[in-house]
Amino acid sequence: MSSWTRGSLAALAVCALLFAGPAGCGPKGAHGPVDGKPVEPVGKLLDHTDEEGRRYREVDRKTAPEVRVEVRPVADGDWDVRLAVRRFRFSPAGTAARAAAGRGLAQLLVDGRLVVRLRASEYRLSGRFVPHGTHHVTIRLYADDGTVWAVAGHPVQSTADITAAPPESPESSQAVSPKEPAQAAFLKP
């Protein structure tokens, strides 16, 4: 093989590597754009953590995701939980563990205890998680890397207080207190 041919092959190989870029250098999106947009750091990690030890990710109030929860009793003793979100999209299962602005999942907590991680805006809460008495149903938003979305040092969340009446009560088996449906408002700008 002549030196001209070897030199041309080497130049062709370099061009091929430059064209391929970092795509072959790691997991998908690890070094380049995601969904056609460059990967940028999102927010600032704080030392604050939730009950599970997950760090808060502070973002500006103007761009922060928001959530509102509404809880309604269902005739069979369960509860319908509906979320309204702004500047937030639920990520599908299997999404890379990376914080992306306004993306992630929600956790549903009853009286501060995790019940389920949600990737959708509706959920049927079993009555077994809501025994007789008043309870706090909280929805908290998380980034895909497991950090808690936060504004001014507080988690982005919404809480509704609900009251479950005893099953033997002649009144309806559940009541929402103090208003129906139970809901919490969006953040105030």
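- Using a 4.5 Å heavy-atom threshold, the side chains of E52 and L114 count as touching.
- Shortest non-hydrogen contact noted between L46 and G153 is CD1-CA, 4.1 Å.
- The shortest side-chain heavy-atom distance between D145 and R57 falls under the 4.5 Å cut-off.
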Inset, instruction - Start with the C-alpha distance between T138 and L108, add both sets of side-chain angles, then the distance that settles side chain to side chain contact (heavy atoms under 4.5 Å, CB included), and finish with yes or no. - result: CA-CA 6 Å; T138 300; L108 187 152; over 6 Å; no
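- Other residues, nucleotides and ligands contribute at most 12 non-hydrogen atoms within 6.0 Å of the CG atom of D47.
- Side-chain contact between R124 and V74 is present, with at least one heavy-atom pair separated by less than 4.5 Å.
- A99 and A143 make their closest contact through CB-CB, 4.0 Å (heavy atoms, listed as atom of the first residue, atom of the second, distance).
- Using a 3.5 Å distance cut-off with no hydrogens or angles, the side chains of H136 and D161 do pair a donor with an acceptor.
- In the hydrophobic clustering of ILVMFWY residues, with side-chain heavy atoms under 4.5 Å counting as a link, V59 and V85 come out together.
- Between the side chain of W149 and the backbone N or O of A101 there is no donor-acceptor pair closer than 3.5 Å.
- No side-chain heavy atom of V115 sits less than 4.5 Å from a side-chain heavy atom of L109.
- Y56 places none of its side-chain heavy atoms less than 4.5 Å from the side chain of T147.
- Partner E51 forms a side chain to side chain donor-acceptor pair (under 3.5 Å) with one of R140, Q107, R113 and no other, that one being R140.
- Distance check: H48 NE2 to H154 NE2 gives 8.0 Å after rounding to the nearest 0.5 Å.
- Taking the ring pair (Phe, Tyr, Trp, His ring centres under 6.0 Å) definition, one finds that F129 meets it with nothing, sequence neighbours left out.
- Of all the heavy atoms in L141 and P65, the pair that sits closest is CD1-CB, 3.9 Å.
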Inset, instruction - Begin from the C-alpha positions of W79 and V130 and carry the test side chain to side chain contact (heavy atoms under 4.5 Å, CB included) through to its verdict. - result: CA-CA 9 Å; W79 298 80; V130 188; 3.7 Å; yes
Inset, instruction - Quick one: do S91 and D144 satisfy side chain to side chain donor-acceptor pair (under 3.5 Å)? Show the steps, please. - result: CA-CA 7 Å; S91 298; D144 290 317; 2.7 Å; yes
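- Minimum interatomic distance between R119 and A93 (heavy atoms only, all atoms of both residues): CD-N, 3.6 Å.
- Interatomic distance, H135 NE2 to L125 CG, rounded to the nearest 0.5 Å: 10.0 Å.
- Salt-bridge check for R82 with E70: failed, with every basic side-chain N at 4.0 Å or more from each acidic carboxylate O.
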Inset, instruction - Under the side chain to side chain contact (heavy atoms under 4.5 Å, CB included) rule, what do F90 and L83 come out as? Steps first, then yes or no, please. - result: CA-CA 11 Å; F90 290 98; L83 314 180; 3.8 Å; yes
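- The cluster map of Ile, Leu, Val, Met, Phe, Trp and Tyr, joined by side-chain heavy atoms under 4.5 Å apart, puts V116 and Y142 in different clusters.
- Counting only distance, with no hydrogens or angles, the side chain of E66 and the backbone of V156 share no donor-acceptor pair below 3.5 Å.
- Counting heavy atoms from C-beta on, the side chains of L118 and L105 never come closer than 4.5 Å.
- Rounded to the nearest 0.5 angstrom, K44 NZ and R55 CZ are separated by 10.0 Å.
- Atom OG of S126 and atom CG of D78 lie 5.0 Å apart (nearest 0.5 Å).
- When side chains are defined from C-beta on, V71 does not count as touching D80, because their heavy atoms never get closer than 4.5 Å.
- Counting only heavy atoms from C-beta outward, the side chains of V137 and T159 never approach each other to under 4.5 Å.
- Side chain of R54 to main chain of V148: no donor-acceptor pair is present (N/O by atom type, distance under 3.5 Å, no hydrogens or angles).
- A pairwise comparison of heavy atoms in R61 and A152 identifies NH2-CB, 4.4 Å as the closest pair.
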